[in-house]
Structures are given as C-alpha cells and as structure tokens.
Amino acid sequence: RLGATAVLHGADFDEAKKECARLAALHGLTNIPPYDDPYVIAGQGTIGVEILRQAPPPTPAAADAATSGSAHPPTRPVDAVFVCVGGGGLAAGIAAYIKRVCPAVRIVGVETYDADAMTRSLRAGHRVELAEVSLFADSAAVRSVGVETFRVCSEFIDEMVLVGSDEICAAIKDIFEDTHGVYIQEKGLTGGIFVAVCNIANMDFTRLRFVADRADLGEEREALFCTAPSTPVAVTKFAYRFADPDEAVVFMGFQVAKTRYADVAEIPANLQKLGMVTKDVSDDVSMPKSRSLE
C-alpha cells in the first residue's frame with residue numbers, strides 16, 4: 001500500500017541477508033538489521049519491560065521481608081524466562097533489561113538441535129557459523145548469530161536448551177488448546193513462575209499439517225520406528241521418507257495407550273519375527289532434519 005517491493009530470495013535467512021546487503025549497496029538503500037543492531041536489540045528488550053510489568057506482585061509476607069532487613073529478601077518476580085534464539089536479538093534485548101532490573105531471574109535461550117548457532121558459539125567462546133540449518137523453525141534458523149547479540153548474550157544468558165521439531169509441535173498444540181496466544185505458565189517445573197516468549201505467528205499455514213502429525217510424538221503419545229524389510233511383508237500404512245540413498249527405509253507410527261516407554265517394548269521383537277530389522281527413532285533428534293514435511 002505504501003509502494004514498497006517485497007523481494008523473496010534464497011532458501012534460508014542467510015542467503016536472503018546477503019542479497020539484502022547487495023541490493024542496499026547497489027541502490028544506495030538503508031539496510032535495517034533484523035537483530036544485530038543496538039537499537040533493534042533495545043526495541044526487542046521492551047518485551048522484558050512488559051514481562052516484569054505483568055509479573056505477579058510479591059505477597060504481603062514477601063513485601064514485609066523486603067522492607068524489614070531480611071537477610072534473604074525476594075529478588076525476582078518470576079523464576080525464569082525462556083526465549084527463542086535465532087540471530088539473538090530478542091534474547092539479548094530481554095536478557096539485558098531483565099538482568100539489569102532483576103538479576104536473579106534466570107534467562108534461558110531455546111534453540112533447535114539443528115539450528116543451534118548460539119549454543120555452539122557460547123560454548124566455544126566465539127561466534128560459530130553452521131554449515132547448514134533446518135528450516136522447520138525457519139524464523140530462528142540462522143547459520144551465524146550477530147556480533148552484538150553474541151556479546152550481550154554472552155554476558156546475560158544463563159543457560160541454553162535444545163529442543164527437537166517434535167517437541168516444538170507438541171508445544172504448539174498445547175498453546176493452541178490452552179490459550180490460542182502467548183503462553184505464560186504460572187506453575188510447572190518446580191512450582192515457580194515461568195514465562196515462555198513465543199513467536200509463531202509467522203508460521204506458514206501449510207506447516208500446520210506437519211505440526212498436527214508430529215505433536216503426538218512430541219507428547220510421547222506415539223512411537224516411531226524405522227525398518228528395512230529383509231523379506232516381502234504386507235504393510236497397510238506407512239510413511240516413506242528419505243533417510244539413506246542406498247536403502248529404502250519405512251517409518252511406522254504406533255499410537256500408545258499409556259506412555260511410549262511402557263507400551264512399545266515388544267514391538268521390535270514382533271517385527272523382527274517378520275524379518276524386519278527395526279529401530280526405535282522416537283527420540284532420535286537427528287530424524288527431523290531428514291523427514292520431509294509431507
């Protein structure tokens with residue numbers, strides 16, 4: 001409506017970023033960084049302001065302890081904030097503000113196993129560039145985090161955790177069923193108050209079918225096996241996905257009645273009797289990268 005032109009380029013963010021820099025230099029345009037800029041980081045940090053403004057106030061007893069010279073006054077309105085990390089701008093902004101105001105609040109960055117540039121960078125002590133990234137969580141799939149975001153996250157991020165695509169699908173289902181929006185959990189891990197900052201509004205609509213398909217696996221309500229039949233067998237329903245260029249592998253999903261670990265122990269043995277070498281890949285974090293989105 002305002003005369004702008006949207007240019008779609010490349011297979012992932014990093015390719016689009018390079019093209020953006022080329023076009024900016026070619027036409028003398030102003031490049032607005034998506035995350036690696038102090039002002040952008042500060043803008044994203046306003047989410048931290050909102051979190052602390054909406055945090056439950058201290059109880060009367062806690063307030064009294066804070067003003068009575070107690071040796072252990074309350075120091076945090078929430079126990080931890082979990083933040084999705086891509087290039088690191090959102091995490092850097094939220095962490096910088098909250099750590100300045102409430103240093104005791106833990107800031108936990110969250111990445112996928114196959115797009116973990118910040119986790120590897122913090123572990124190595126310098127920015128690490130990934131050779132490739134999975135595009136399932138495409139808004140956070142970057143090969144290299146920003147220079148400024150790495151500096152800030154190095155100072156303020158307490159911990160990084162990695163999740164798989166199936167766990168993300170299960171979490172999306174939980175959010176959809178519970179809130180249909182941003183998810184703030186006031187109980188859970190240890191009975192404390194935890195905030196999860198979610199940014200899934202830009203998900204491609206066609207991806208929802210995959211999310212629904214994988215949610216049961218992420219919730220451990222389904223078991224997934226891969227098998228290579230050594231003799232002809234009758235399979236009535238299976239998913240055929242690329243895994244090995246030299247071997248045809250069939251993926252078979254089973255709905256479980258109670259928990260995955262209690263119900264599937266006998267399945268491999270039964271399939272072995274049918275001449276099917278079977279492996280339980282329900283918890284194999286490398287599988288989402290090779291599974292298609294069907």
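Just so it is clear, the structure is predicted and the values come from calculations on it, not from any experiment.
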Counting C-beta onward and ignoring hydrogens, is there a side-chain heavy-atom pair between [X] and [Y] closer than 4.5 Å?
X    : Y    : value
L162 : M160 : no
N31  : C20  : yes
F150 : D36  : no
L52  : C102 : yes
V133 : D114 : no
V83  : V81  : yes
M118 : C153 : yes
D79  : R106 : no

Separation of T119 OG1 from E111 CD (nearest 0.5 Å) = 4.0 Å
Quick one: pull up CD in E148 and OH in Y35 and give me the separation to the nearest 0.5 Å.
-> 13.0 Å
Report yes or no: does [X] contribute a side-chain atom to a donor-acceptor pair with the main-chain N or O of [Y] at less than 3.5 Å?
X    : Y    : answer
T149 : G87  : yes
K99  : I94  : no
D158 : V108 : no
E167 : G164 : yes

Should [X] and [Y] be regarded as members of a common hydrophobic cluster, given that ILVMFWY residues are connected when their side-chain heavy atoms come within less than 4.5 Å of each other, either directly or indirectly?
X    : Y    : answer
V128 : V147 : no
I41  : V49  : no
V105 : V152 : no
L90  : V40  : no

Are the charged groups of [X] and [Y] less than 4.0 angstrom apart, N to O?
X    : Y    : answer
E132 : R143 : no
E50  : R53  : no
R22  : E19  : yes

From CA spacing to verdict: side-chain contact (heavy atoms from CB on, under 4.5 Å), D14, V142 = CA-CA 6 Å; D14 293 275; V142 302; 4.2 Å; yes
Does the pair S121 and R127 meet the rule for a side-chain hydrogen bond (donor to acceptor under 3.5 Å, both in side chains), with working shown?
-> CA-CA 5 Å; S121 297; R127 294 166 63 235; over 6 Å; no
Can the ring centres of Y97 and F156 be said to be less than 6.0 Å apart?
-> no
Verdict with reasoning, S144 to L130, per side-chain contact (heavy atoms from CB on, under 4.5 Å) | CA-CA 6 Å; S144 178; L130 305 179; over 6 Å; no
Just do the side-chain contact (heavy atoms from CB on, under 4.5 Å) check on T112 and S165 with the steps written out, would you?
-> CA-CA 7 Å; T112 61; S165 296; 5.6 Å; no
Let me see the working for S154 and L122 under side-chain contact (heavy atoms from CB on, under 4.5 Å), right down to the final yes or no.
-> CA-CA 6 Å; S154 298; L122 293 178; 3.5 Å; yes
Decide yes or no on salt bridge (charged side-chain N to carboxylate O under 4.0 Å, His left out) for E15 and K18, but give the supporting numbers first.
-> CA-CA 5 Å; E15 292 183 4; K18 291 179 181 179; over 6 Å; no
Hey, is CD1 on I32 packed in by over 12 heavy atoms from elsewhere, all under 6.0 Å?
-> no
Residues passing the side-chain hydrogen bond (donor to acceptor under 3.5 Å, both in side chains) test with R100, sequence neighbours excluded, are none
